[in-house]
Structures are given as structure tokens and as C-alpha cells.
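Throughout, residue positions are numbered sequentially from 1 according to the sequence presented.
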Amino acid sequence: MSSKQHCVKLNDGHFIPALGFGTYKPKELPKSKSLEAACLALDVGYRHIDTAYAYQVEEEIGQAIQSKIKAGVVKREDLFITTKLWCTCFRPELVKPALEKSLKNLQLDYVDLYIMHYPVPMKSGDNDFPVNEQGKSLLDTVDFCDTWERLEECKDAGLVKSIGVSNFNHRQLERILNKPGLKYKPVCNQVECHLYLNQSKLLDYCESKDIVLVAYGALGTQRYKEWVDQNSPVLLNDPVLCDVAKKNKRSPALIALRYLFQRGIVPLAQSFKENEMRENLQVFGFQLSPEDMKTLDGLNKNFRYLPAEFLVDHPEYPFVEEY
């Protein structure tokens, strides 16, 4: 996985492995599941692990990394570890302590990529999802450009190799890129991206600015009850996708990942099953024809599984823009 051919070069000269392993865990699963899954992922060959403070599994991911380093399965320099700055830590003075806390959880001296989880600040405090008496999210007014400056400082301090964003629309990216005194461009924008939300306009924009698009929900999400409408369509059951899969003698999941990879997107695949983890790594072993790509392009419905409605009342809520 760490061979350069399956990596994408970032605008700061670092390389990101072209397939990542996602670590979000729903509340109903025990944390031991995250530890187990991360250990398995490293065993079968994933070297790009994507986590976040808000997932509340950084400690388990750290344990998995350390155990595999000690066992000689991986070296730290072969790994690409991403974590994310949560919305309650956007005030400039909170950025570095938040990263240091994540590093402590992960038992690491640095992360390879640190990204702002959303462009929307929330009230700081002890609660990661602060709400008022009516159950509405308590939002804040921090300018994310000020937060970005602190991410740049963290990079200069060697706490992180690369810095990026997540869930930003093109206007919000533009604001960072045009920020007076910008020192480092975001290397990536991690967004929901799959066959039903193929993000072609955002991808074109990001490519024009040398920003890599990283895709979460690449397989149509794990459909966790907490976040996803259970009546929404199941992506991997799509008849058109299943036809293309049959024709290529591959699973629908592998076709869905390959579709993103062939467009220059870095997909994150998530699974708790070893056979699925192994299968997803086969994404590099075949090619989709231009006809298949065109057919799959036709599945786009601009449909979002994860609309982040808890942030909808903020002026920086990103998903009102077309891209």
C-alpha cells in the first residue's frame, strides 16, 4: 500500500495512499470493535487510516497502531494517519490543545493529516454536541480563516505533516485560498462522495486548485440509524451498479470504489469484516471501461446520506451551495 503507484501526491509534496480505511463507529458497537477492526485493517495491508476526535475511537486506533508497530507489522513512517479538529475547538486558542489531545489519544508524535471536520464552529465546552433547552445545536461565530492560521502553526511546529478541510463547499475553499497571508493551501477536502453524489463540480474545482478530494460514504455509508434516514436508497443494491459489477465479475462495492479512484478521488472504505477489507484493497487490480464510467456517471442524483442537519442553522452551513 505504501508503494508510490497507489499514492496521490498532495500539493505540499507529501503522498496520501489512494485508498483509506474509515474508523467511524456507531454508538451501539463497543469500542473494542474499533480496536479489532483497525488491527485487522493494518494486518491485511491498509496504511491510510482515517479517524476523528468526534468519533471517540482515537484511543483504540492508537492502541492498534502501537501494537502493530511493536509486532513489526508496520513502521510509523509507512502509515498515513488522519484525524480531525472538531467544531467545538475552532477558537484559535483551542486548536493546538485539541491536536495535542488527539496525538495523546493516538500515542503519536505527529499525524500525517489534520483537517477541520466542518466549516461550522460550535460553542466550546465539555460537550462535543452542545445544545440548548430546545435541543438546538449551540453554534459559534469563529471565522474558520482564523482557525486555519492555527492549523498552519501546528504544521510549522511539526505536529502534523499536512493540513486540510472537510465538508467545505467551493466558496468556503475560495475564502481560505484568498486569505491574506495564506501560508499553506488545504491539501484536501474530505466530503461525502459516491455514485449518488458524485461531486463532479466540486471535483473540477478542487482539481483546478490542486486540492485532492477524499471521499467518505464512498459505498453509500454504513447506514447508521443515528445519522442516516433508513428509508434512503441502498447504494450497493442499485440495479445499474449491480449490472456493471456482474459484467466486470466484481462486487458492487469494488465497482463503487473503483469508479471514485478512476476519477482521481481518494475513497475511504469502512468495514468491520476481514473479507470485505481484503476485497476493497483489490480496487487497484482492474479498470472500468469508458462506457462503464459513463453508465455510472448517470447514477448521480445529488443525494446526500449525511446532511449534517445539526449544523443547518449556521450561516456557514456548507450544503446550501450546489457544490
Side-chain angles (χ1 to χ4, degrees), residues 22-35 38 50-63 81-108 111 113-151 153-154 159-160 163-168 172 190-192 216-217 221-229 270 304-320:
T23 61
Y24 176 78
K25 180 196 74 65
K27 280 190 177 133
E28 60 268 23
L29 283 182
K31 288 195 171 194
S32 57
K33 270 299 211 199
S34 294
L35 175 58
D50 180 272
T51 192
Y53 174 76
Y55 301 169
Q56 297 293 307
V57 294
E58 284 178 329
E59 287 181 22
E60 287 69 29
I61 304 308
Q63 286 165 20
I81 310 296
T82 301
T83 194
K84 307 179 186 84
L85 175 71
W86 186 237
C87 306
T88 53
C89 298
F90 275 26
R91 292 198 164 269
E93 67 276 10
L94 299 177
V95 174
K96 192 176 173 211
L99 174 53
E100 287 169 338
K101 190 173 180 185
S102 286
L103 290 172
K104 190 172 178 236
N105 290 341
L106 291 161
Q107 300 179 51
L108 297 173
V111 283
L113 177 60
Y114 197 46
I115 58 187
M116 292 166 71
H117 208 136
Y118 285 96
V120 180
M122 296 172 79
K123 280 272 184 278
S124 57
D126 298 332
N127 195 337
D128 294 339
F129 290 88
V131 289
N132 65 14
E133 290 73 37
Q134 288 76 44
K136 284 266 189 206
S137 294
L138 290 169
L139 304 170
D140 207 349
T141 53
V142 191
D143 182 344
F144 58 66
C145 286
D146 296 339
T147 311
W148 183 256
E149 286 177 12
R150 293 305 169 96
L151 262 72
E153 288 171 14
C154 290
L159 300 175
V160 53
I163 51 176
V165 297
S166 181
N167 296 302
F168 275 52
Q172 292 165 329
Q190 186 183 124
V191 295
E192 180 179 344
Y216 69 79
T221 75
Q222 297 267 1
R223 305 183 67 77
Y224 298 131
K225 289 186 177 66
E226 215 181 329
W227 300 110
V228 178
D229 175 1
Q270 187 175 12
R304 201 176 281 284
Y305 286 99
L306 297 160
E309 281 157 352
F310 67 103
L311 300 174
V312 79
D313 294 330
H314 198 281
E316 292 293 358
Y317 177 72
F319 306 141
V320 285

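Between Pro318 and Gln172, the closest side-chain pair of non-hydrogen atoms falls below 4.5 Å. The side-chain heavy atoms of Lys136 and Asp313, taken from C-beta on, include a pair separated by under 4.5 Å. Residues Arg91 and Val142 meet the side-chain proximity criterion, which asks for heavy atoms closer than 4.5 Å.
Scanning for side chain to side chain contact (heavy atoms under 4.5 Å, CB included) contacts around Ser34 gives Lys25, Val57, Glu60, with sequence neighbours left out. Residues passing the side chain to side chain contact (heavy atoms under 4.5 Å, CB included) test with Thr82, sequence neighbours excluded: His48, Asp50, Phe80, Leu113, Ile115.
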Practice prompt. Determine, stepwise, if the pair Tyr216 / Gln270 fulfils side-chain contact (heavy atoms from CB on, under 4.5 Å).
Written response: CA-CA 9 Å; Tyr216 69 79; Gln270 187 175 12; over 6 Å; no

Discussion item. Determine whether Phe310 and Tyr118 satisfy the following criterion, side-chain contact (heavy atoms from CB on, under 4.5 Å), listing intermediate values before the conclusion.
Written reply: CA-CA 11 Å; Phe310 67 103; Tyr118 285 96; 4.2 Å; yes

Worksheet item: Does the side-chain contact (heavy atoms from CB on, under 4.5 Å) test come out yes or no for Lys84 and Tyr55, once each step is laid out?
Response: CA-CA 9 Å; Lys84 307 179 186 84; Tyr55 301 169; 3.2 Å; yes

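A tilted orientation is assigned to the rings of Trp86 and Phe129, their planes being inclined by 30° to 60°.
Taking all atoms of both residues into account, the shortest heavy-atom contact from Pro119 to Pro121 is O-CD, 3.7 Å.
The backbone N or O of Asp140 sits less than 3.5 Å from a side-chain atom of His314, completing a donor-acceptor pair. Here the side chain of Glu58 pairs no donor or acceptor atom with the backbone of Thr51 at under 3.5 angstrom.
Gln56 and Asp128 are linked by a side-chain donor-acceptor pair at a separation below 3.5 angstrom, with hydrogens and angles left out of the test.
Taking 4.0 Å as the cut-off between side-chain N and carboxylate O, Glu100 and Lys96 count as a salt-bridged pair.
For an aromatic pair to be called close, the ring centres must be under 6.0 Å apart, and Tyr317 with Phe319 satisfies this.
Checked against Leu99 for a side chain to side chain contact (heavy atoms under 4.5 Å, CB included), the options Leu85, Leu151, Val160, Leu94 give a single hit: Val160.
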